[in-house]
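As structure tokens, the structure follows; a few thoughts come after it.
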Amino acid sequence: AAAGLSYVGGYVMNTYRSYDNFLQDKYALLPAVIILCVAAVMFIIGLLGCCATFRESRVGLGLFLAIILIIFIAEVSAFVLAFVYREKVKSDVQGTMRAVFEKYDGKNSESAVMDYLQENLHCCGVKNYSDWTATQWFNSTGNNSVPLSCCKQNLKNCTGSLDQPQEL
């Protein structure tokens, strides 16, 4: 269980690195850190539980049970907090993405992150490709198109034109 939780916590932290420009909340990594801490404690407690079982110690096994129950309650609490705050995280990410959209010029680092995000998540804009029509970049280019990162990956001749939304 500790190894599984360690993997999940590490995966969340690794994924966060790719999208940290969109998550301005400094507590966004808190669930991953909690998962990793719980995994470390579970490993130590599991090791102690094995030793208590091997020695057939009633006190050790009782202590092991109490600690496992506390860890279970902490995990349920983390799940409930994640469930309760999912809409806040969603709105924060959308607000930050809109701010990054406004800074998009196709050349700066925020532009590269936006292109990376759209290519890897196979999306275009915050909700859809029409979000680009409200950006300064769209109005300054005047070519009625979105960035090429919005194009479907299997299309070779995609120009990002809004005249062909089926390619986006």
Side-chain angles (χ1 to χ4, degrees), residues 1-40 42-43 71-168:
L5 283 176
S6 296
Y7 175 78
V8 169
Y11 180 79
V12 169
M13 290 189 96
N14 189 36
T15 302
Y16 173 80
R17 287 190 191 128
S18 300
Y19 307 112
D20 61 347
N21 287 351
F22 299 107
L23 299 172
Q24 292 177 345
D25 190 2
K26 61 183 175 183
Y27 299 111
L29 272 181
L30 189 59
V33 171
I34 290 172
I35 289 171
L36 289 173
C37 290
V38 168
M42 281 184 71
F43 177 76
I71 290 173
F72 179 73
I73 290 168
E75 288 178 349
V76 169
S77 300
F79 174 76
V80 168
L81 287 173
F83 184 76
V84 168
Y85 288 109
R86 75 180 190 283
E87 288 300 320
K88 181 184 181 324
V89 170
K90 180 180 175 182
S91 65
D92 288 349
V93 169
Q94 286 180 349
T96 306
M97 285 183 69
R98 290 188 200 288
V100 172
F101 270 40
E102 290 303 316
K103 296 177 185 174
Y104 188 91
D105 66 0
K107 300 169 189 158
N108 61 18
S109 62
E110 285 93 0
S111 300
V113 170
M114 180 57 68
D115 289 336
Y116 173 81
L117 180 72
Q118 290 185 148
E119 288 170 2
N120 285 323
L121 295 180
H122 308 290
C123 64
C124 185
V126 176
K127 295 195 181 212
N128 59 32
Y129 67 89
S130 65
D131 293 335
W132 282 101
T133 59
T135 64
Q136 184 178 0
W137 174 81
F138 181 84
N139 295 327
S140 66
T141 58
N143 59 4
N144 200 33
S145 66
V146 295
L148 295 179
S149 60
C150 284
C151 293
K152 291 181 181 174
Q153 289 184 342
N154 58 352
L155 297 176
K156 302 281 187 225
N157 299 326
C158 179
T159 61
S161 174
L162 292 180
D163 297 334
Q164 299 170 334
Q166 69 278 6
E167 294 181 356
L168 305 176

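A quick note: this is a predicted structure, and the numbers were derived from the prediction, not measured.
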First locate atom OG of S149, then atom CG of N120, and finally report the distance between them rounded to the nearest 0.5 Å. 10.5 Å

Close side-chain approach of D131 to V146, heavy-atom, < 4.5 Å: no

For residues C158 and L148, report the shortest heavy-atom separation together with the two atoms involved. O-CD2, 3.7 Å

So which atom in I35 and which in V8 form the shortest heavy-atom distance, rounded to 0.1 Å? CD1-CG1, 4.3 Å

At their closest point, which heavy atom of A2 faces which heavy atom of A39, and how far apart are they? CB-O, 3.3 Å

Which heavy atom of Q166 sits nearest a heavy atom of K152, and at what distance? O-NZ, 2.9 Å

Euclidean distance, L5 CG relative to I34 CD1, rounded to 0.5 Å: 12.0 Å

Least distance between heavy atoms, V12 atom then A32 atom: CG1-CB, 3.6 Å

Taken to the nearest 0.5 Å, the spacing of L162 CG from L168 CG works out to 6.5 Å

Residue from C124, S145, C123 passing side-chain contact (heavy atoms from CB on, under 4.5 Å) with Y129: C124

Y116 OH to L121 CG distance, which is reported to the nearest 0.5 Å: 8.5 Å

Applying side-chain contact (heavy atoms from CB on, under 4.5 Å) to E167 and C151, what does each step give before you reach the verdict? CA-CA 6 Å; E167 294 181 356; C151 293; 5.7 Å; no

Looking only at heavy atoms, what is the nearest atom pair of P147 and D115, with distance? CB-OD1, 4.0 Å

If I take atom SG from residue C150 and atom CD from residue Q118, how far apart are they, to the nearest 0.5 angstrom? 3.5 Å

Give the C-alpha distance, both sets of side-chain angles, the deciding distance and a yes or no for side-chain contact (heavy atoms from CB on, under 4.5 Å) between S6 and F43. CA-CA 10 Å; S6 296; F43 177 76; over 6 Å; no

